[in-house]
Amino acid sequence: MENTASKTRMAELSALLNRYNTQYYQNSTSEIPDYEFDMMLKELEKLEAENPGLAQPDSPTHRVGGSVSKSFAVVTHRYPMLSLGNTYSRAELTDFDNRVMKALGEPYQYICELKFDGVAISLRYENGLLTCAATRGDGVRGDDITNNAKTIRTIPLSLPDAKNLPADFEVRGEVFMPFHVFEAINKEKEDIGEAPLANPRNTASGTLKQQDSAAVARRKLQCYVYSLLGDNLPAKSHEEAVKLLEEWGFAVSPTWQKCSSLDEVFEYIDKWEKERFNLPLAIDGIVLKVNSYRQQEELGFTAKTPRWAISYKYKAEAAATPLEGVRYQIGRTGSITPVALLKPVVLAGTTVKRASIHNANEILRLDLHEGDTVFVEKGGEIIPKITGVELSKRLPGAQPIAFPNNCPDCGAELVRVEGEANHYCPNENGCPTQLKGKIEHFVQRRALNVDSLGPETIEQLFELGLVRTPADLYDLTEEKLLQLQGFKAKSAENVMQGLENSKKADFGKVLFGMGIRYVGNTVADKLATHFGSIEKLASATFTELLEAPEIGEKIAQSLGAWFAEPANIEQYQRLKAAGLQMHREIKEIIRESEALAGKSFVISGTFSMFSRDELKEKIEANGGKILSGISAKLNYLVAGENMGPAKLEKATKLEIPIISEEQLLQMLQQG
Ligand code: IVH
């Protein structure tokens, strides 16, 4: 491409990508499918590589990361990153308020905010461009994590449309991992047989410290900002600053509130004490800030904290209860997880009977003894954790809890891989719990989706010796199933039908269902596309495996080891013979007509003649375009049964024609 043409195209792509990004993160809508977004991003990356001189510092390509550094440079903060005084009681807040009242001797207001439990970040903008992002460090100096911060999509890389922008200013905020992202990562970890991460805060902190910014980008961190610093700011109060930040395009949590009295502050505290469990991220208290900048200045600072702000921390919900025992759960890949069995106790409104202990090191760290009374706490995570032991209640002669040497199910001697915290049962093809776990994994919704086969049925099938491996499922017959307790013709038929349907499942799902260690859903999908068939994957060399997208040495080794096992080869050959999909066709769209050329469609609901995917294919085969979200530029919404009310409302509001499946087919015939 000509240099000027490249420049124009690069500017066009940047503008579009930035717009889609903002819409996605601020309005939760996507105008185009992810695939198209990725293609545009790839095109921009390519142009930047070809024309390095034209690459812009705020290019949306920085969002995907890429550079790997050995260590972070150190940045001295222009304004020290202070901490806040903590209070735990209303009496202490009243004392704080009295001090403020006395020092100011005039009316004042507070802004109440939530105290987000993430990692503090400082962002410097010069002439509208993000030039430096730093961690708090010791408050005076922090790490330069600019490349990592650029991958966080709620942090603007530039502020081209912002009004009243100071030439040089800093923004402070909190980087966090939303609960749903954290839970998805742990689900994926569980899928691939890895130990789960402890909590979103530590995960966010660990992620920001990674040297590979592409890895940071995959973690989907977010950032809420809560202060603006600089000379000659166009704001006279914290409230004005927060509103400006939002206008300029930063993400500000909408939970802040202006309070004119301490009673209003207490109401805010009460409200969020209850509602905090409905937020997308963890908070550990609230922050109270005097609103006026003039008054803030008058109040000043102590050596470490401002005199105009303070935090009130919610007490972590904790309880003490006796430990009744420890159960050792065996995962499908053999990993052993200790779980504390507790005397039931009410915590944050729910009865707690179990707490996770993670691994053997944790038992040692807590120095758990039999019959100990333990403290349990519920943080942001779903499963409560043990935070300590009430030593005064330790029973005389109580023995330390000893991690077993042998698998509690099959008795095999446990192994511990060098450098890993988890113990494993190595009896992969003999340990009953592992075998049943592998079948449960195979039939789960995100794999082969045989929902008529629940854990109890699998247990019975296993006990009766009818099924030991996923491939055995396809040797089942209705007669065999009728041997199961409580099984009538209908339930047997449902299982057979479920198994029959699973033969249509995509190769990626089958690969995921086979339960190869470290091969989660995403990796399985990438492998299916890259290799196209099980035979090609099975015969790939280590180097060839590493050439596939997102496959590192750990996964390649695991794949190599799996396919080297004759029992596993027999498994996939039997699954293939049973009719499961063991290859992926790359579908090429064959053009049928141009009847829908230039028209865009969103499909929603369920349809009677075609499946959603078939309808999409049909539209594309006739020149139409599929969009994923409703916007003013959409031409038609194809509505089926049970479509979401939000979509319907939005389309009606934007006066977008809503058509049925039949009307769509008529359009095809007319065209
Ligand atoms: S204001 C001068 N506002 O709490 C104090 N901090 O102990 C500036 N934090 O390091 C901080 N939510 O990481 C402020 N709404 C909020 C906050 C908040 C969380 C964290 C922040 C800071 C620590 C202070």
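Please read these numbers as outputs of a predicted model, since none were measured by experiment. The basis for the numbers below is simple: all heavy atoms, side chains too, and nothing from hydrogens, waters or symmetry mates. By convention here, the first residue in the shown sequence is residue 1. Counting starts at 1 for both ligands and their atoms, in listed order.
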message: Side chains of K258 and Y110, heavy atoms from C-beta outward: is any pair under 4.5 Å?
response: no
- prompt: Is there side-chain contact between Y314 and I283, with heavy atoms separated by less than 4.5 Å?
  reply: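 Answer yes - side chains close enough.
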side-chain hydrogen bond (donor to acceptor under 3.5 Å, both in side chains) partners for Q257, two or more places apart: none
Throw together a table of side-chain donor-acceptor distances under 3.5 angstrom for residues 84-94, partners on residues two or more places apart or in other chains.
{"residue": "N86", "atom": "OD1", "partner": "S311", "partner atom": "OG", "Å": "2.7"}
{"residue": "T87", "atom": "OG1", "partner": "S311", "partner atom": "O", "Å": "2.8"}
{"residue": "S89", "atom": "OG", "partner": "E92", "partner atom": "N", "Å": "3.2"}
{"residue": "S89", "atom": "OG", "partner": "E92", "partner atom": "OE1", "Å": "3.1"}
{"residue": "R90", "atom": "NH1", "partner": "D270", "partner atom": "OD1", "Å": "3.4"}
{"residue": "R90", "atom": "NH2", "partner": "D270", "partner atom": "OD1", "Å": "2.7"}
{"residue": "E92", "atom": "OE1", "partner": "Y88", "partner atom": "N", "Å": "3.1"}
{"residue": "E92", "atom": "OE1", "partner": "S89", "partner atom": "N", "Å": "3.3"}
{"residue": "T94", "atom": "OG1", "partner": "R90", "partner atom": "O", "Å": "2.8"}

Polar pairs, ligand 1 vs protein, N/O only, below 3.5 Å.
{"residue": "ligand 1", "atom": "3 (N)", "partner": "K289", "partner atom": "NZ", "Å": "3.0"}
{"residue": "ligand 1", "atom": "4 (O)", "partner": "K115", "partner atom": "NZ", "Å": "3.3"}
{"residue": "ligand 1", "atom": "7 (O)", "partner": "L84", "partner atom": "N", "Å": "3.1"}
{"residue": "ligand 1", "atom": "12 (N)", "partner": "F116", "partner atom": "N", "Å": "3.0"}
{"residue": "ligand 1", "atom": "13 (O)", "partner": "E174", "partner atom": "OE1", "Å": "2.6"}
{"residue": "ligand 1", "atom": "13 (O)", "partner": "E174", "partner atom": "OE2", "Å": "3.3"}
{"residue": "ligand 1", "atom": "13 (O)", "partner": "Y226", "partner atom": "OH", "Å": "3.2"}
{"residue": "ligand 1", "atom": "15 (N)", "partner": "E113", "partner atom": "OE1", "Å": "2.8"}
{"residue": "ligand 1", "atom": "15 (N)", "partner": "L114", "partner atom": "O", "Å": "3.0"}

Below 3.5 Å, can you tabulate the donor-acceptor pairs from side chains in residues 128-138 to any protein atom, sequence neighbours excluded?
{"residue": "T131", "atom": "OG1", "partner": "R124", "partner atom": "O", "Å": "3.3"}
{"residue": "T131", "atom": "OG1", "partner": "E126", "partner atom": "OE1", "Å": "2.7"}
{"residue": "T135", "atom": "OG1", "partner": "D143", "partner atom": "N", "Å": "2.9"}
{"residue": "R136", "atom": "NE", "partner": "M81", "partner atom": "O", "Å": "3.3"}
{"residue": "R136", "atom": "NH2", "partner": "M81", "partner atom": "O", "Å": "3.4"}
{"residue": "D138", "atom": "OD1", "partner": "V140", "partner atom": "N", "Å": "2.9"}
{"residue": "D138", "atom": "OD1", "partner": "R141", "partner atom": "N", "Å": "2.8"}

R78/D168 ion pair, N-O < 4.0 Å: yes
